[in-house]
Every structure is written in C-alpha cells, then in structure tokens.
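Structure first, commentary second.
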Amino acid sequence: MSTSSSNPVSNTAPPKAPARRQSGDRHVYNGPGMIATGEATALLPTETTPPIKVFGTAAIRETFDDLCLQQAVNSRLAPGVTDLILNPDAHCGYGAPVGSVLVSPTHIYPGPVGVDIKCSMSLLQLDLPADAVDDRKVRRELISAICRRTPTGAGKGQRSVAQSRHVNRTLGKQLVLEGASKDVCMALGIPPNWAFRCEDSFHVGHDGTATALEARLETLLATREMTNFSEKMQQLGSYGGGNHFGECEVVEVGDNERARSVAETFGLHDGNVAFLSHCGSRGFGHILASGQFKHLQTKFDRWGIPLPAGDRQLVYAPLGSDEANNYLDDMSLGANFATVNHLLINALVLEAFQEVIPGVKGDLVYFISHNIARREIVNDRPAWVHRKGATRAMPAGHHSLEGTPFANSGHPILLPGNPRDGSAVMVADPGAEASCFSVNHGAGRVLGRRHAKRVLDQSTVDTELESNDILSNCRRYPIDEAPAAYKDFNEVLHSVKSAGLASEVARLKARFVIKDASKADD
DNA sequence: ATGTGC
C-alpha cells in the first residue's frame, strides 16, 4: 500500500483535476486512523477527520484513487453531512464518488444525487425457458425488434413503431407530475400493477404534495431551457448512451436454501429468460440537474458562501430554503420521468419479445434506482440519504417495506456486472444497517473512458463476447464499456457479502446486449 | 449521464 502523494484530508484545497491521472497511479488513502475490520474498513475520527465507512476487500481498496478518496473526504466534511459510505464500486464522480452514500438531516446536495436523476435498473422476467433463445437467429430477431422500439444513443427519441404510445404535451406534464400513476400507465400501455414492483412508483413535491410539483413545473415551463419540453417527452422509452444498456439474460438461482426461498418470493425462476435494463431520466433529467448545479453555483458566488473544500460540484441547499425546495421538486420531476421511462421500456421490450415469440408473457420483477436522494430514518431521525451510484438495501422486516410483497424477504437488489461475468440479484441482510441500508450499484469503473480506449484492444473485446456466445446490436462493442474497463465484479460482490450487507440470490448470464454503438466506430 | 465540444 503506497502513501498518497497529497493530503486528501484537507478541507480547504480544491480537488485536483481528474484528467491528470497517469497509468499505474494507483494510490490508496493511508490517512490517519484507517483500520480494517475483517473485510470492511473504516476511516476513524481523528482531530480533523470524521469517520467514513469503506466497504471493500484489500484488492478493492487498491482501486480507489486519490481523487475518489479526496471526494469522499470532502463530502464527509461538507456542512450537515452525518454519514458517508464508500462502496466497493466507488470511483470519482461529480462532487462525490460514484459508489457513495451521503446522509444529511439538514442539507440537500444535488451533486451527490448525480447528473442522471434516478438512473435505475429494472428486470423483466419472461415465461420462457433458456433454450428459447439458444438459436442465434431468434436472438438476432429479438435484437432487431427491441432496437426498433427502444432506441439507444444521445438525443434519440421514440421510434415510429412505438408511435401508438405517442406522448403529447398534456400527457408529458401528467407523467412528470404523477409518475407511474394508473392513468399514466393506461395511457402508455404499461401494466398498472407494475407500479407495485417499483422501489418508488411516483415522487411528490418538497412539501409532500403534488400541488407543489405542479407549481414548480409551471415555473420551469416558462423558462428558456424548457422550451423543448415536448421534444424531451418524446425520449420516453429510449435508453440513451454511456453505460446504459438492455441485456437479455438467463436466470441462475443460487444453489442454497436461502437463495431458492428468496427467489421464490421475488418470483424469479431458475433457467428462465429475463431482460435487464439500465437507464435514467435522459435529456429531461439532465436539464433539471445541470440547471440546479448552475443555479446554486451562481448563488454561492453571488453571496460569497464558502464551497465545501472549494469544490463547486459540492454546492448544497439547507432544507427549508427556497433553493432546497426547488431542487427537491426538480429531482421529483426528473425521477417521475425516469420511472415512466423504465416502465415503458419494459412494456416495449415485452412487446418486442411477443413479436418474435407470439404468446410469450412477461412481468416486471423489480425497478430500483441508484441515483436519488430519499428521506429515510437514519439513527432514529429523518435524513436525506443521497445514493450516488448506490442501491437501497433494506432487509426483511424493515419498516419501510411494510405492505410491499417484500416485507418478509427484503426487496430485490439489481446489480449490473458485465456481460462476461454476469449480473446479480441480491437481497439485503441485517448487517446493511451499517451502510445506511445501501450497497454498490454495479462493478464500478476501473479505467477512465480515455484510458480504456488507449489500452484495450477492440478485437480482443469483440472476440471475448463472441466466444461466450453473447450477441450485440453493435458491430463493434464500445471499448470504453468493455468488461475490462470495470472492476472485478466477483471481488465487488465478495466485498458486499463478506461485510454482511447482502446475499446473492441469482446470477443473470447475458445472451445478448443492446448498447449505444454510435460512438464505437471512432 | 447529456439538446454528448458551444
């Protein structure tokens, strides 16, 4: 373990620019009071450092670079922050690391929610045995049918085949206000009972009412940034780019009694075909998030408010202020869009399967976010839990699961890994209280996009997928999204399991992948 | 992540 070359504890120095990291520059924070307890590590309080909980094996801790750790410390020291969790998939992000949890009873932090408000995972299970997708021709037809309905790529909206679900301005306004309400689901051809399979199927305004959201939306619609609101609504049912994807899977339930029992509660069947989706709030969420960043940064400048650690990405608003209220309303509007976007994608994917395999049925297993702030009870008092690339993980018996299908099991946790090693469905264990009921959100990047393009070989990436018989809509798989650009998924999961946060219920093994190929041919 | 650099 090498000593960091800079002092990541400083709360005055601005963070270094992320672009200057060199290959092999893999420092590990070795600051005061760092201890390892089993496989979990804590940065203990010192005179200057409040505690940060780090969940990761020794190998995983080697993946945390200087900037990531500095962002964690900066976030921990920011006003009103009472808890900061670093998960094994952590890497540097906007303000706080992707793969962190920030808790505050008094402040809201837009950066530690993230640029893509309510970026989430969803899993659709089909009543199909695995061998139904053995035939490569069938898989090619499925890829085509899905891509005709749910496009990938920036700026892309609905395809003509989905025009029966056209979103006019009135419906657009309704869905960002109501989320997956019964009326919205009916209008878009989404099974209304899927709302019960959502972590949250709708989001209300800052005061707990929909009226507050409605007033905020009218204000926003009068601004220049929102002149293309109707166009943004046309993106409903699309994936976008970057790390977003759709993936056809085969479910492999874990070979133990607990996994079998929980899988049954989840409705997961061993050997069934399923479809995993990763996307968020697209252009609409982006306008809201980036608008809030700029707005708050301007206020900090104008009023001369000191930035946490000098980092503009860590601007915040005290709860109860107009700024906090407006942010919470905008987050809810973006979150409602993301919710309906995911459910519509699942409805369109099911429709695509039915086009290729007539009569097939499908149901949503779960929809859960990893980029959202939720008001939860932490240490016996209400607080905003900001999960930035982190997934809620509430075990059996948790009070907030009362009345849901998962009260006695814990809810499904959907974790994308990579097409080669698979993805995972997990369930929280009682130990998750130590991480503010959170786990990782996936594997986490280990190579930056530029770095990946420089060091990874295109034909190796494509050959590896081919040798695993995994098809894709991409002629060449985006190299900055290759499995090797991400951390070792098994080591990440081992960190979570050995720390007592969650247990594995099932693996999802990829049969074909749908990604944004528009930048793959550079 | 993104009306993907403005």
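We name chains A, B, ... by the order of the sequence lines, and we start the count at 1 in each one. Basis for what follows: all heavy atoms, side chains included, without hydrogens, waters or symmetry-related copies.
Across A:V113 and A:A373, no two heavy atoms sit closer than the pair CG2-CB, 3.7 Å.
The distance from atom NZ of A:K232 to atom P of B:dG3 is 5 Å, rounded to the nearest whole Å. The separation between A:E231 atom CD and B:dT2 atom P is 17 Å, rounded to whole Å. The interatomic distance linking A:I117 (CD1) with B:dT2 (P) rounds to 12 Å, in whole Å. Atom CG in A:L288 sits roughly 12 Å away from atom P in B:dG3 (whole-Å rounding). Note: CZ (A:R224) to P (B:dC6) measures 15 Å, nearest angstrom. Atom C1' of nucleotide B:dT2 and atom NE2 of A:H278 are separated by 14 Å, given to the nearest angstrom. The distance from atom CD1 of A:I287 to atom C1' of B:dT2 is 10 Å, rounded to the nearest whole Å. Computed from coordinates, the A:D516 CG to B:dG3 C1' distance equals 15 Å when rounded to whole Å.
Within the 4.5 Å cutoff, the side chain of A:M426 has no heavy atoms near those of the A:V505 side chain.
Nucleic acid contact class of A:G240 (heavy atoms, under 4.0 Å, all strands): sugar-phosphate only. Residue contacts shown for A:G280 are absent, as no nucleic acid heavy atom lies under 4.0 Å away. If you check every strand for non-hydrogen atoms under 4.0 Å, A:G241 touches sugar and phosphate atoms only.
For the 3.5 Å distance criterion, the side chains of A:D421 and A:N418 qualify, holding a donor opposite an acceptor. Counting only N and O atoms by type, the side chains of A:S144 and A:R148 include a donor and acceptor under 3.5 Å apart.
Taking only side-chain nitrogens and oxygens, A:Q235 comes nearer than 4.0 Å to OP1 or OP2 of B:dG3.
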